[in-house]
Amino acid sequence: MSQYLDSVMEKVVARNAGEKEFHQAVKEVLESIEPVLEKHPEFIREKIVDRLVEPERQIMFRVPWVDDQGEVQVNRGFRVQFNSAIGPYKGGIRLHPSVYLGIIKFLGFEQIFKNALTTTPIGGGKGGSDFDPKGKSNREVMAFCQSFMTELWRHIGPDTDVPAGDIGTGAREIGYMFGQYKRLSNTFTGVLTGKGLDWGGSLTRTEATGYGLVYYVTRMLQDANTDWNGKKVVISGSGNVAIYATQKAQSLGANVIALSDSNGYVVDESGIDLAAVRELKEVRRGRIREYCDSHPSAQYFEGCRNIWTVPCNIALPCATQNEINGDEAAILVKNGVKFVGEGANMPSTPEAIATFQESGVAFGPAKAANAGGVATSALEMSQNSMRLAWSFEEVDAKLHGIMNAIYDQCTQAAETYGKKGDLVAGANIAGFLKVARSMMAHGVV
Ligand code: NDP
């Protein structure tokens, strides 16, 4: 990196001590934009990068609630409003015990560039809590969500900041949060996305991240003169993104053979029975090992990380950050993987990305490949503003068009800046340029 970018990075590490995921996310972007700054010294002069790495606002708050035993519990809530240069802050709410400020900041930072790529007018933000919905009763989840929103509501709004789902935040949690927002603000607005279809949600939003990922990887396959038909696919996770990536990939002829959760993974060489997984995960909230109870030919393996030892042509990490390290990437390559598309946020470590790229594996980075979810959230916002609801086919067609536009932006930006075929650089550069130009236009704010 240039001396200037090195100095920005040093400052980020010093100012945000201990937030290693945030450092990782910033470093990847700074490494990509070096050729852009060479062409645009005005971005250095106006300290665009120095400003970009500092959130516009970060909110941390206490979330007290009462559990089913009558005990008071205290969690910590976060909302990082990172950048509003191109629209209201937009990004999900993660509920997971691993959540701390560094996770929310890495996600919020990534969201700035991802949202810029979607072609829709949304800024970057992210929120969450170290609350774990797993094993909690519906009443406990409701008590937490209501308490969380009782603080958050004053900081958000349909033209200010529009949160959505993420790990641990699905339709149930969005419902409880929306209900509390509506009660406190006495307004019925599109303040959250991922809403139920009866009360302002958009068709296709549930499927959007997984479908969008498959649309993006389809373009990668087409550039290699091939398609999904007959390809062996390994997908990590068995949540929202994993389930709908599986559904779309299967509909295009792929053989999805493995899925996981944080306890372990299942391999079903005859092809994952998605209806069974959906019943297990979406209805019963069970564990992936239970899949084998009804599918005796499938095998369960304890521990989720070894899923990358399963030989496949296409790998779609759809669980969490840093779930593929350099060694695991090397095993995937040795076993013949040719395409990797990131459904989760930052699932590959920098070493893993380098291993894939040096081995000639086509690599689709998260901020481009999984942008279909937030893009469809932006379509939900449009429908809410118009008080209209589009059909599934209409939203799906728009999503498909957006994923194609994202892919084109990535390939074109990479080529323009001398990194042909590097989709990581292309995504970072295209996203950065849009935000940087907008920040320049707004003056020093
Ligand atoms: P869900 O909560 O629906 O599912 C998450 C899945 O990943 C579960 O199977 C979960 O297993 C597994 N998982 C979570 N944490 C870990 C961990 N530390 N180690 C191993 N497995 C883990 O979340 P989503 O599907 O919505 O999100 C998955 C990823 O996709 C995240 O990185 C998210 O940020 C990203 N993403 C999601 C979008 C969306 O629209 N939902 C949009 C863009 C990105 P278990 O049940 O055992 O915890």
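Both ligands and their constituent atoms are indexed starting at 1 by order of listing.
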Q: Specify whether Phe22 and Phe82 have parallel, tilted or perpendicular ring planes, treating 30° as the upper limit for parallel and 60° as the lower limit for perpendicular.
A: tilted

(Q) Using a 4.0 Å cutoff against the non-hydrogen atoms of Cys318, which atoms of ligand 1 qualify? (A) 28 (C), 29 (C)

Q.
Any donor-acceptor pair under 3.5 Å linking the side-chain atoms of Asp408 with those of Gln412?
A. no

Q) Mind checking whether Asn240 has an N or O less than 3.5 Å away from an N or O of ligand 1? A) yes

Q: Would you tell me whether Arg205 and Ser377 have side-chain atoms, one donor and one acceptor, within less than 3.5 Å of each other?
A: yes

Q. Can you list the ligand 1 atoms lying under 4.0 Å from a non-hydrogen atom of Gly168?
A. 2 (O)

Q: May I ask you to identify the nearest protein heavy atom to atom 9 (O) of ligand 1, giving residue, atom name and distance to one decimal place in Å?
A: Ser238 N, 2.9 Å

Q | For atom 48 (O) of ligand 1, the protein heavy atom that lies nearest, with its residue and separation | A | Lys134 NZ, 2.9 Å

Q.
Give me the residue, atom name and distance of the protein heavy atom closest to atom 4 (O) of ligand 1.
A. Gly239 CA, 3.3 Å

Q. To the nearest 0.1 Å, how far is atom 37 (C) of ligand 1 from its closest protein heavy atom, and which atom is that?
A. Val241 CG2, 3.5 Å

Q.
Please classify the Ala319 to ligand 1 contact at 4.0 Å (heavy-atom distances, strictly less than): side chain, backbone, both or neither.
A. both

Q.
Quick check against the 3.5 Å criterion: does Thr204 have a side-chain atom that pairs as donor or acceptor with the backbone of Phe392?
A. yes

Q) Does ligand 1 have a heavy atom under 4.0 Å from the side chain of His96, from its backbone, from both, or from neither? A) side chain

Q: Could you check which of Ala245, Ser262, Gly194, Gly210 puts a non-hydrogen atom nearest to atom 21 (N) of ligand 1?
A: Ser262

Q: Any ring pair (Phe, Tyr, Trp, His ring centres under 6.0 Å) involving residues 191-212? Give me the pairs, sequence neighbours left out, ordered by first then second residue.
A: Phe178-Trp199

Q) To the nearest 0.1 Å, how far is atom 23 (O) of ligand 1 from its closest protein heavy atom, and which atom is that? A) Ile167 CA, 3.5 Å

Q) Can you say whether the rings of Phe131 and Trp65 are parallel (under 30°), tilted (30 to 60°) or perpendicular (over 60°)? A) perpendicular

(Q) Suppose we measure from atom 33 (C) of ligand 1 to each protein heavy atom; which comes out shortest, and what is that distance? (A) Asp166 OD1, 3.1 Å

Q. Any side-chain donor-acceptor pair under 3.5 Å between Asp396 and Tyr215?
A. yes

Q) Just distances here: any N/O of Arg94 and N/O of ligand 1 closer than 3.5 Å? A) yes

Q) So which protein heavy atom does atom 19 (N) of ligand 1 come closest to, and at what separation? A) Thr320 CG2, 3.8 Å

(Q) Do Lys90 and Thr120 pair up side chain to side chain, a donor and an acceptor below 3.5 Å, judged on atom types alone? (A) no

Q: Consider only side-chain N and O atoms of Glu110 and Asn345, and report whether a donor and an acceptor are under 3.5 Å apart.
A: no

(Q) Distance under 4.0 Å to a non-hydrogen atom of Asn345: what atoms of ligand 1 satisfy this? (A) 32 (O), 33 (C), 34 (O), 35 (C), 36 (N), 44 (C)

Q. Just distances here: any N/O of Arg287 and N/O of ligand 1 closer than 3.5 Å?
A. yes

Q: Please say whether Arg205 places an N or O atom under 3.5 Å from an N or O atom belonging to ligand 1.
A: yes

(Q) Check whether Glu140 reaches the backbone of Asp68 with its side chain - one donor and one acceptor, N or O, closer than 3.5 Å. (A) yes

Q.
Within the structure, is a non-hydrogen atom of Gly343 found at a distance of less than 4.0 Å from ligand 1?
A. yes

Q: Give the residue and atom name of whichever protein heavy atom lies nearest to atom 42 (C) of ligand 1, and the separation in Å to one decimal.
A: Thr209 OG1, 3.3 Å

Q.
Is it the case that the side chain of His155 and the backbone of Gln58 share a donor-acceptor pair, with hydrogens and angles ignored and the cut-off at 3.5 Å?
A. no

Q: Say whether, by atom type as modelled, one donor and one acceptor occur between the side chain of Glu31 and the main chain of Glu28 under 3.5 angstrom.
A: no

